[in-house]
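This report refers to the structure that appears directly beneath it.
Lettering of chains follows the sequences in order, A, B, ..., and the numbering in each one begins at 1. Everything quoted here is computed from the prediction, not taken from an experiment.
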Protein chains: 2
Amino acid sequence: MERLDDPPDVVIRRLPLYARSLRYLLDEGVHSVSSQELGERINVTAAQIRKDLSYFGEFGKQGIGYDVEKLLNHIERILGLTQSWPVVLVGVGHLGQAIARYDGFHSQGLRIVGLFDTDPAKIGQEVSGVQISDYAEMPRVIRETGTRLAIISVPAADAQPVADMLIDAGVRAILCYAPIILQTPDHVWVRYIDPVAVLHSMTYYLAREHVV
Amino acid sequence: MERLDDPPDVVIRRLPLYARSLRYLLDEGVHSVSSQELGERINVTAAQIRKDLSYFGEFGKQGIGYDVEKLLNHIERILGLTQSWPVVLVGVGHLGQAIARYDGFHSQGLRIVGLFDTDPAKIGQEVSGVQISDYAEMPRVIRETGTRLAIISVPAADAQPVADMLIDAGVRAILCYAPIILQTPDHVWVRYIDPVAVLHSMTYYLAREHVV
DNA sequence: TAGATTGTTAATCGATTAACAATC
DNA sequence: TAGATTGTTAATCGATTAACAATC
């Protein structure tokens, strides 16, 4: 019995966590896992995992659970991770460099094909084997590489015009580290990484706690 | 008429975004804003903003809207941002250094009081005016400064033991950059920053799009 | 006063959980 | 076979939105 509703975005956001946990299990030499066991590792209920997976098919065996490698392969195929995705990164400050250098990026189907900055002192330098270029090169690089995924790590004031340029050049999904909400057309996916906002939401609870 | 239900966590997570938007408005010299206008800036409905704020009191005027400075002050008080929060950071690699150096941290009520690493080559060095210390110093620094907030930017394999040490020493809230779900007691707040997972959730949609 | 916008209630929408027949 | 665990449905829970009286 297949159910093929459009999976909600919350489900899509959890799939990468399932995939990662399965990768760890595979590394540990575990071959089979139940929704219960997987759930305990990532603090999600067993029912939720089964429900989430049911949007995409039937991957388990009653009485047994899931074959770790098979389920991982299924999820990676669902997420489009059987191919490697070219990514451009705009803003090569401390943070941008840390991202470009991060191994977890390269090892997980993400391939940085362009680094861009406005600082003339940075242009021409290499980070992780990729040369830093001027913004003027962005459209060409994006088109030539067919890149649809971009990371913005420029100061807040520059983020909107940078996003506009990227979208103009063909980018369809943006991960934005700048502390600002981008205005973008409907066909572009935008997600934010906002550590300060996250910390500020935790200070709410700390401020209310009994101080020890 | 006051309603004093416990505000849901989703609401608490949005408050920092409202606060930030109000700070930008204040900088722009805007004195008054409606829920409609504020909502357009951050892609949230006007009704949601009014509902969210209603958990904490009545801050607007019918027919007028909200006084930007007053509302900002209210939200900062709610979030506990009238005080500065000491934070320790564990793992001073490229990412940890970028975080420690980030101005948006210091300017927003977050004060790094300790940097920790295991690398003997790093211990003793300074980043942003704070010395890097060995893990052995963690409990002392956390206790002496009364720190309850920590950032983990160590490799995945080290994150759980680091979290255990931090919690033992009195930390109550953790922002974790390591790609692993931490197992922690109920009284500790944990949030994750996981760019690879976020990008992987976007490749899902890109893989399904008509390629241009 | 007339127009605008709040704060709040009720309606709607959507996501999570519980429960269980199917079946390995 | 007996025990375990899936996939799915229905029930529950919670969050968002619409609507409007109150009122600046």
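- Summarising the geometry, the separation between NZ on K70(A) and C1' on dC24(C) is reported as 13 Å, rounded to the nearest angstrom.
- Residue Y66(B) has a polar side-chain atom (N or O) positioned under 4.0 Å from OP1 or OP2 of dG7(C).
- For K51(A), taking side-chain heavy atoms from C-beta onward, the closest of the listed nucleotides dT8(D), dA15(C), dT9(C) is dT8(D).
- For R111(A) and S84(A), the side-chain atoms include at least one donor-acceptor pair closer than 3.5 Å.
- Taking the six-membered ring where the residue is Trp, W189(A) and Y205(B) present parallel rings, their angle staying beneath 30° rather than reaching 60°.
- As a whole-Å value, the separation of D52(B) CG from dT16(D) P is 7 Å.
- Using modelled atom types, one finds no donor on one side chain facing an acceptor on the other under 3.5 Å when comparing S201(B) with R14(A).
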* Structure fact -> DNA chain C in dot-bracket form (Watson-Crick or G-U pairs under 3.5 Å, [ ] crossing, | inter-strand) is ..||||||||||||||||||||||
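- Checked by atom type, the side-chain pair E69(B)/N73(B) shows no donor-acceptor distance below 3.5 Å.
- Checking D52(B) against Y18(B) by side-chain atom types alone, a donor-acceptor pair falls below 3.5 Å.
- Residues from residues 20-50 of chain B placing a heavy atom under 4.0 Å of any atom in DNA chain D, listed by number, are T45(B), A47(B), Q48(B), R50(B).
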Side-chain donor-acceptor pairs of residues 94-104 of chain A under 3.5 Å, sequence neighbours excluded:
unit_1: Q97(A); atom_1: OE1; unit_2: R101(A); atom_2: NH1; d: 3.0

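- E40(B) places no side-chain N or O within 3.5 Å of a backbone atom of A46(B) that could act as its donor or acceptor partner.
- Side-chain atoms of D117(B) and Y135(B) form no donor-acceptor pair, as typed in the model, at a separation below 3.5 Å.
- Toward the 5' end of DNA chain C, the nearer of the two residues V10(A) and Q62(A), judged by each one's closest nucleotide, is V10(A).
- Rounded to whole angstrom, the span from the CD1 atom of I12(B) across to the P atom of dA15(D) amounts to 11 Å.
- Separating the CD atom of E58(B) from the P atom of dC24(D) is a distance of 10 Å, rounded to the nearest angstrom.
- In this structure, the CG atom of D6(B) is 12 Å from the P atom of dG14(D), given to the nearest Å.
- A cation-pi contact links R208(A) to Y204(A), judged by a cut-off of 6.0 Å to the six-membered ring centre and 45° from its axis.
- Straight-line distance from the CG atom of D67(B) to the P atom of dT5(C): 15 Å, rounded to whole Å.
- Rounded to whole Å, the distance from CG on D9(B) to P on dT16(D) is 11 Å.
- Between the P atom of dT6(C) and the CD1 atom of I64(B) lies a distance of 10 Å, rounded to the nearest Å.
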